[in-house]
Amino acid sequence: MEAYERLRSIQFDPIAPVGCNHDLVLQARVPGYKIGDWQRPVYEDRLVYDGWDKQASLVPMAGWPVRRVLHERHKQRRFQHIFADYPDAIDAILKELAERGPLLPREFRFQERKEEWKGSWHGPNLSKQVLRALWHSGQVMTAGRRNGHHVYDLTSRVVPAHLFNQPVLPDMDAMRELVLERHRATGLLRPTASYEVWSYMYSPERAVHLKELMSRGEIVSVDVEGMKAYATPLFLSLLDQPSLEPRIVFIAPLDQFLWDRKLTAGVFGFDYVWEIYTPEAKRRWGYYVLPVLFGDALVARAEFHCRGGVLELREWHFEDSDLDPAFWSALERAIKEFMGYCSATSMSVREHIYSKVRDLFLSVRSD
């Protein structure tokens, strides 16, 4: 929960070559974390919810009230046609949940197809489309998952009463808080970072909130290698703390560390491209490559795959061959920890990997 408090939310992504993105984000910060440990605080303890922040995310439950402003924006701007055109379907879905929930989409008695929607993002099933509209507008939530599929229930049965019954914040107050949340999450952030970072916090509105947060002293304007950015005073205070012993961390592709990739490139000289959607023949680095952080430098890129207790190193690309000798002992520790994270008992390394890296990986045994 300390990791969630620092990050404010963790982007959810189901693709899992070596755990999912949300697993990888947590393993980078929580000692002893294992794939799947994210589920208990979400679906059993209700300390975290499975909802929307920067795309689909895992968000501390305490952050739900302020994000209600996003629910209304989704309803008015993204799913307006569902609410306008299918009120009977909405009523039927909500009534079934009230009487029978929690339910998978296929378990609803109400089922109707719209063939004209075939090929759309959520498909031709009207109940699924309605459920997504209700989910984004905050009327239903993910109460659990079965084989990766959402199990839906009424929001009032998922969110604790003391949070559900809080007064709705005025839009301006809620959006200002969410803009501040983004800075707390990332440390440094450019006001011109990509749309995906800001979600529904549009540029003109964002500029108003940035000015207000500056006047309150809640964020500070900084210059980073010629790029304008903002940071919280707390983040800046961390820069003056004594350096820790360098360790190696494998960074998730959708980690806050990489949200503003132009800033990451400017600070670290590291141009990260997530090539998962790049045709294989055009990939430079690999399908699901993780940046490798050593101390305060991004020194390599690694691609892993884990199945059946075997952790496979598929790609390894150094950024610079001039490495501190301490790198190799740090890498050995990191491999052991990563094997523990994915419950691997053995290693496999592809033949083309640099021999020193290959030999080290193959020599490591899980504890």
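Computed from a prediction, not measured in an experiment: that's the story for all the values here.
In terms of heavy atoms, Pro60 sits closest to Arg8 at CD-O, 3.0 Å. Pairing each heavy atom of Gly32 with each of Asp37, the nearest pair is O-OD2, 4.3 Å. The two residues Ala252 and Asn21 make their nearest non-hydrogen contact at CB-OD1, 3.3 Å. In terms of heavy atoms, Leu290 sits closest to Pro253 at CD2-CD, 3.7 Å. Nearest heavy atom pair, residue Asp255 against residue Ile251, reads CB-CG2, 3.8 Å. In terms of heavy-atom proximity, Met347 sits nearest to Leu362 at O-CD2, 3.8 Å.
Taking the side chain as every heavy atom from C-beta outward, Phe327 and Ile248 approach each other to under 4.5 Å. Inter-residue side-chain proximity for Ser9 and Leu58 is flagged as unmet; no heavy-atom pair is nearer than 4.5 Å. Lys282 is not listed as a side-chain neighbour of Glu275, based on a closest heavy-atom distance of 4.5 Å or more. Between Phe250 and Leu24 the shortest side-chain heavy-atom distance does not fall below 4.5 Å. Contact annotation: the side chain of Leu189 never approaches that of Phe235 to less than 4.5 Å [non-hydrogen atoms, C-beta and beyond]. Here the side chains of Leu254 and Ile10 are not in contact, with every heavy-atom distance at 4.5 Å or above. In this structure, Val299 and Asp320 have side chains that are not in contact, with every pair of non-hydrogen atoms separated by 4.5 Å or more. Between Leu70 and Leu178 the shortest side-chain heavy-atom distance falls below 4.5 Å.
With respect to Asn125, the side-chain hydrogen bond (donor to acceptor under 3.5 Å, both in side chains) criterion is satisfied by exactly one of Lys114, Gln111, Arg106: Gln111.
One distance of note links NZ of Lys128 with CG of Leu104; it measures 10.0 Å at 0.5 Å rounding. Note: Thr232 OG1 to Leu180 CG = 7.5 Å, rounded to the nearest 0.5 Å. The distance from the CG atom of Asp50 to the OG atom of Ser57 is 9.0 Å, given to the nearest 0.5 Å. The CE atom of Met141 sits 10.5 Å away from the OG atom of Ser156 when rounded to the nearest 0.5 Å. The CZ atom of Arg284 lies 12.5 Å from the OG1 atom of Thr278; values are rounded to the nearest 0.5 Å. Separation of atoms CG (Leu26) and SG (Cys20) is listed at 11.0 Å; rounding is to 0.5 Å.
Applying the 6.0 Å contact sphere to CZ of Arg6 captures no more than 12 heavy atoms from other residues, nucleotides or ligands. Taking a 6.0 Å sphere around CZ of Arg40, one finds it holds 12 or fewer heavy atoms contributed by other residues, nucleotides or ligands. Within 6.0 Å of the CD atom in Glu99, the count of heavy atoms belonging to other residues, nucleotides or ligands exceeds 12. Remark: Glu280 CD is loosely packed, at most 12 non-hydrogen atoms of other residues, nucleotides or ligands lying under 6.0 Å away. By the neighbour-count criterion of 12 heavy atoms within 6.0 Å, atom CD of Gln80 is sparsely surrounded, having that number or fewer from other residues, nucleotides or ligands. More than 12 heavy-atom neighbours from other residues, nucleotides or ligands sit within 6.0 angstrom of NZ on Lys34. Heavy-atom contacts from other residues, nucleotides or ligands closer than 6.0 Å to CZ of Arg146 number more than 12. Around atom CG of Asp85, more than 12 heavy atoms belonging to other residues, nucleotides or ligands sit under 6.0 Å away.
No side-chain donor from either of Tyr341 and Asp23 sits under 3.5 Å from a side-chain acceptor of the other. No donor-acceptor contact under 3.5 angstrom links the side chains of His74 and Glu72, judged on distance only. Side-chain polar atoms of His150 and Thr142 form a donor-acceptor pair below 3.5 angstrom.
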Kindly indicate, with the supporting measurements, whether the criterion side chain to side chain contact (heavy atoms under 4.5 Å, CB included) is fulfilled by Ile353 and Leu313. CA-CA 8 Å; Ile353 303 293; Leu313 179 62; 4.1 Å; yes

Go through the steps to decide whether Val292 and Leu298 satisfy the test side chain to side chain contact (heavy atoms under 4.5 Å, CB included), and finish with yes or no. CA-CA 6 Å; Val292 181; Leu298 289 166; over 6 Å; no

Would you check, one step at a time, whether the test side chain to side chain contact (heavy atoms under 4.5 Å, CB included) holds for Ser348 with Leu311? CA-CA 6 Å; Ser348 172; Leu311 177 61; over 6 Å; no

With side-chain hydrogen bond (donor to acceptor under 3.5 Å, both in side chains) as the test, would you mind laying out the steps for Gln139 and His71 before giving the verdict? CA-CA 9 Å; Gln139 296 181 61; His71 300 158; over 6 Å; no

When you look at His305 and Val18, which way does the side chain to side chain contact (heavy atoms under 4.5 Å, CB included) test go after all the steps? CA-CA 5 Å; His305 188 268; Val18 60; 6.0 Å; no

May I have the step-by-step check of salt bridge (Lys or Arg N to Asp or Glu O under 4.0 Å) for Arg247 and Glu245, ending in yes or no? CA-CA 6 Å; Arg247 67 185 184 104; Glu245 179 185 359; over 6 Å; no

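In this structure, Arg132 fails the cation-pi test against Trp52, since its NZ or CZ atom is not both closer than 6.0 Å to the six-membered ring centre and inside 45 degrees of the ring normal. Cation-pi geometry between Arg301 and Phe270 is satisfied (NZ or CZ under 6.0 Å from the ring centre, within 45° of the ring normal).
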Please report, to 0.1 Å, the donor-acceptor pairs under 3.5 Å made by any side chain of residues 204-225, with sequence neighbours excluded.
| residue | atom | partner | partner atom | Å |
| --- | --- | --- | --- | --- |
| Glu205 | OE1 | Arg73 | NH1 | 3.0 |
| Glu205 | OE2 | Arg73 | NH1 | 3.4 |
| Glu205 | OE2 | Arg73 | NH2 | 2.6 |
| Arg206 | NE | Pro191 | O | 3.3 |
| Arg206 | NH1 | Met201 | O | 2.6 |
| Arg206 | NH2 | Pro191 | O | 2.9 |
| Glu212 | OE2 | Arg216 | NE | 2.9 |
| Glu212 | OE2 | Arg216 | NH2 | 3.4 |
| Ser215 | OG | Glu212 | O | 2.6 |
| Asp223 | OD1 | Gly226 | N | 3.1 |

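Asp260 is linked by a side-chain hydrogen bond (donor to acceptor under 3.5 Å, both in side chains) to Arg190, counting only residues two or more places apart in sequence or in another chain. Legend: residues meeting salt bridge (Lys or Arg N to Asp or Glu O under 4.0 Å) with Arg350, ordered by chain and number and at least two apart, are Glu312.
For Glu115 and Arg113, the salt-bridge test passes: some basic side-chain N is under 4.0 Å from an acidic carboxylate O. Ionic pairing of Arg67 and Glu181 is present here: one or more N-O contacts between side-chain nitrogen and carboxylate oxygen are shorter than 4.0 angstrom.
Ring to ring, Phe257 and Phe268 are close: their centroids are under 6.0 angstrom apart. Checked against the 6.0 Å centroid threshold, Trp259 and Tyr272 do not count as a close aromatic pair. Remark: aromatic rings of Tyr43 and Trp38 are close, center separation under 6.0 Å. The aromatic ring centroids of His162 and Trp64 lie 6.0 Å or more from each other.
In this structure, His183 and Trp198 have tilted ring planes: the angle between them lies in the 30° to 60° band. Relative ring orientation between Phe304 and Phe361 is described as tilted, the plane-to-plane angle lying within the 30° to 60° band.
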